[in-house]
S.K.: 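Take this structure first; my questions come after.
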Amino acid sequence: MAQIETSVQIAAPAELVFAFFVPQRMPYWYGTEMEACIEVQGGASDFGVSQKVRVTGRLGRREVSHTAVVTAFHQARLFEWRFEDRYGVKGLERWELERVNTPPSVAAPKTAVRMRSDYALPGLLGKAMDWLVTRHAVARRNQDYLLRLKRLAERGEPK
């Protein structure tokens, strides 16, 4: 199983950063390359542990999707889901938020966000592709996600 870790420091409080971890706002920073649509089981407006989540979108002409189950959710601290797609790719994505201790002279609080992607591609060819290409693409994609989240959170409160 591959494990990719990426992090970013955001000049905003953890509560504001976590406001972007809801189904309506996540597509603004997560899955933008496929214009993701995130649907929560039962049409819920927020995530919760054990909920099923469907992430769909398009890459070129191909429709892509995977189903995830929320496995951890702690307001302003942690969000995690396990996923599987129709091609047999299984994994976990985890975001941890931590308040950064800043000196009293610094006006704006900061939050460190760590994103971890664990995944396994099926078969020998999948393992070879992961070693050659996929892990590098996932690391770059995750860094892009976090930088987009940073830009949104540092702009201010979501509408």
Side-chain angles (χ1 to χ4, degrees), residues 1-23 25-41 46-60 62-101 110-154:
M1 179 167 278
Q3 186 176 84
I4 309 294
E5 291 192 27
T6 312
S7 63
V8 69
Q9 197 168 99
I10 300 174
E15 293 78 12
L16 191 141
V17 175
F18 206 73
F20 290 94
F21 286 82
V22 294
R25 292 188 193 111
M26 248 178 119
Y28 290 121
W29 63 272
Y30 177 89
T32 57
E33 75 282 358
M34 63 181 207
E35 298 178 0
C37 176
I38 298 176
E39 302 168 75
V40 180
Q41 177 183 19
D46 289 315
F47 293 114
V49 174
S50 300
Q51 280 181 319
K52 283 188 179 178
V53 178
R54 184 164 167 79
V55 180
T56 58
R58 298 194 75 71
L59 284 175
R62 173 177 257 160
E63 183 176 306
V64 292
S65 68
H66 68 267
T67 301
V69 175
V70 177
T71 51
F73 186 89
H74 298 283
Q75 191 69 36
R77 290 190 3 230
L78 173 68
F79 180 66
E80 175 186 278
W81 61 25
R82 293 192 176 279
F83 65 87
E84 183 171 357
D85 70 14
R86 63 177 152 200
Y87 302 106
V89 178
K90 296 178 183 179
L92 168 139
E93 288 183 319
R94 179 182 181 94
W95 295 270
E96 296 177 30
L97 286 72
E98 183 178 340
R99 288 174 177 78
V100 176
N101 290 332
K110 294 184 180 180
T111 304
V113 180
R114 284 183 302 281
M115 180 180 181
R116 189 178 97 203
S117 293
D118 299 347
Y119 63 90
L121 303 177
L124 289 175
L125 182 59
K127 287 176 182 30
M129 285 299 294
D130 180 49
W131 188 78
L132 291 169
V133 178
T134 307
R135 68 182 51 234
H136 306 291
V138 169
R140 191 171 43 253
R141 179 203 69 185
N142 288 359
Q143 188 64 50
D144 289 347
Y145 287 173
L146 291 182
L147 291 175
R148 229 176 266 111
L149 175 61
K150 175 182 173 71
R151 281 192 301 271
L152 288 167
E154 287 180 351

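As a basis for the values below, the full set of heavy atoms in this structure was taken, side chains included, without hydrogen atoms, waters or symmetry mates.
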S.K.: Working note: Asp85 + Val64, criterion side-chain contact (heavy atoms from CB on, under 4.5 Å); need CA distance, chi angles, decisive distance, verdict.
M.R.: CA-CA 8 Å; Asp85 70 14; Val64 292; over 6 Å; no

S.K.: Which heavy atom of Pro23 sits nearest a heavy atom of Val40, and at what distance?
M.R.: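 Smallest interatomic distance, heavy atoms only, reads CG-CG2, 3.2 Å.
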
S.K.: Under the 3.5 angstrom rule, does the side chain of Arg82 hit a backbone N or O of Thr71 as a donor-acceptor pair?
M.R.: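 A pair under 3.5 Å: no.
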
S.K.: Counting neighbours of CZ on Arg86 that are heavy atoms of other residues, nucleotides or ligands and sit closer than 6.0 Å, is the number greater than 12?
M.R.: yes

S.K.: Can you see which heavy atom on Ala12 is nearest to which on Ala153, and at what distance?
M.R.: CB-O, 3.9 Å

S.K.: Does any part of the side chain of Arg148, heavy atoms only, come nearer than 4.5 Å to the side chain of Asp144, both counted from C-beta?
M.R.: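 Counting from C-beta outward, Asp144 and Arg148 do come under 4.5 Å.
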
S.K.: Rounded to the nearest 0.5 Å, what's the gap from OG1 on Thr111 to CZ on Arg77? Could you check?
M.R.: 13.5 Å

S.K.: At what distance, to the nearest 0.5 angstrom, does CD of Glu5 lie from OG of Ser117?
M.R.: 9.5 Å

S.K.: Specify the closest pair of heavy atoms between Phe73 and Phe21, including all atoms of both residues, with the distance to one decimal.
M.R.: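 Scanning both residues completely, I find the closest heavy atoms to be CE1-O, 4.4 Å.
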
S.K.: Say you draw a straight line from CZ of Arg135 to CD of Gln3; how long is it, rounded to the nearest 0.5 Å?
M.R.: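 The distance works out to 10.0 Å.
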
S.K.: Compare all side-chain heavy atoms of Met115 with those of Val8 and state whether any distance is below 4.5 angstrom.
M.R.: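 Side chain of Met115 against side chain of Val8, heavy atoms only: no contact under 4.5 Å found.
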
S.K.: Out of Val49, Leu92, Val55, which one pairs with Trp81 under the side chain to side chain contact (heavy atoms under 4.5 Å, CB included) rule?
M.R.: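 Looking at Val49, Leu92, Val55, the match for Trp81 under the side chain to side chain contact (heavy atoms under 4.5 Å, CB included) is Val55.
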
S.K.: Tell me the closest heavy-atom pair linking Pro27 and Ala36, and the distance in Å.
M.R.: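 Taking every non-hydrogen atom into account, CB-O, 3.4 Å.
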
S.K.: Is it the case that over 12 heavy atoms from other parts of the model lie below 6.0 angstrom from the OH atom of Tyr28?
M.R.: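 No, OH of Tyr28 has 12 or fewer neighbouring heavy atoms, counting only those of other groups under 6.0 Å.
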
S.K.: Under 3.5 Å, side chain of Arg25 to main-chain N/O of Phe20, donor-acceptor pair present?
M.R.: no

S.K.: Does a salt bridge link Glu98 with Arg114, judged by any charged N lying under 4.0 Å from a carboxylate O?
M.R.: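 The answer is yes: the pair qualifies as a salt bridge.
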
S.K.: Just how far is it from atom CZ of Arg58 to atom CD of Glu63, taken to the nearest 0.5 Å?
M.R.: 6.0 Å

S.K.: What's the separation between atom CH2 in Trp95 and atom CG in Leu149, rounded to the nearest 0.5 Å?
M.R.: 10.0 Å

S.K.: Of the non-hydrogen atoms in Phe47 and Met26, which two are nearest, and what is the gap between them?
M.R.: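 Looks like CE1-SD, 3.7 Å.
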
S.K.: Verify whether one side chain among Gln143 and Thr6 offers a donor that lies under 3.5 Å from an acceptor in the other.
M.R.: no

S.K.: Decide if atom CD of Glu35 counts as having more than 12 heavy atoms of other residues, nucleotides or ligands within a radius under 6.0 Å.
M.R.: no

S.K.: State, with a plain yes or no, whether a side-chain heavy atom of Phe83 is found less than 4.5 Å away from one of Val89.
M.R.: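 Touching, per the 4.5 Å side-chain cut-off.
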
S.K.: Using a 3.5 Å distance criterion without hydrogens, assess whether the side chain of Glu154 forms a donor-acceptor pair with backbone atoms of Ala11.
M.R.: yes

S.K.: Determine whether more than 12 heavy atoms belonging to other residues, nucleotides or ligands lie under 6.0 Å from atom CG of Leu59.
M.R.: yes

S.K.: Just grab all the ring pair (Phe, Tyr, Trp, His ring centres under 6.0 Å) pairs involving residues 127-151, residues at least two apart or on different chains.
M.R.: Tyr30-Tyr145

S.K.: Measure the CZ-CG distance between Phe18 and Leu97 for me, rounded to the nearest 0.5 Å.
M.R.: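 Result: 6.5 Å between the selected atoms.
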
S.K.: Which atom names give the shortest non-hydrogen contact between Ser65 and Thr56, and what distance separates them?
M.R.: CB-CG2, 3.5 Å

S.K.: Could you tell me whether Glu93 and Arg141 make a salt bridge, using a distance below 4.0 angstrom between a side-chain N and a carboxylate O?
M.R.: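 Yes, this pair counts.
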
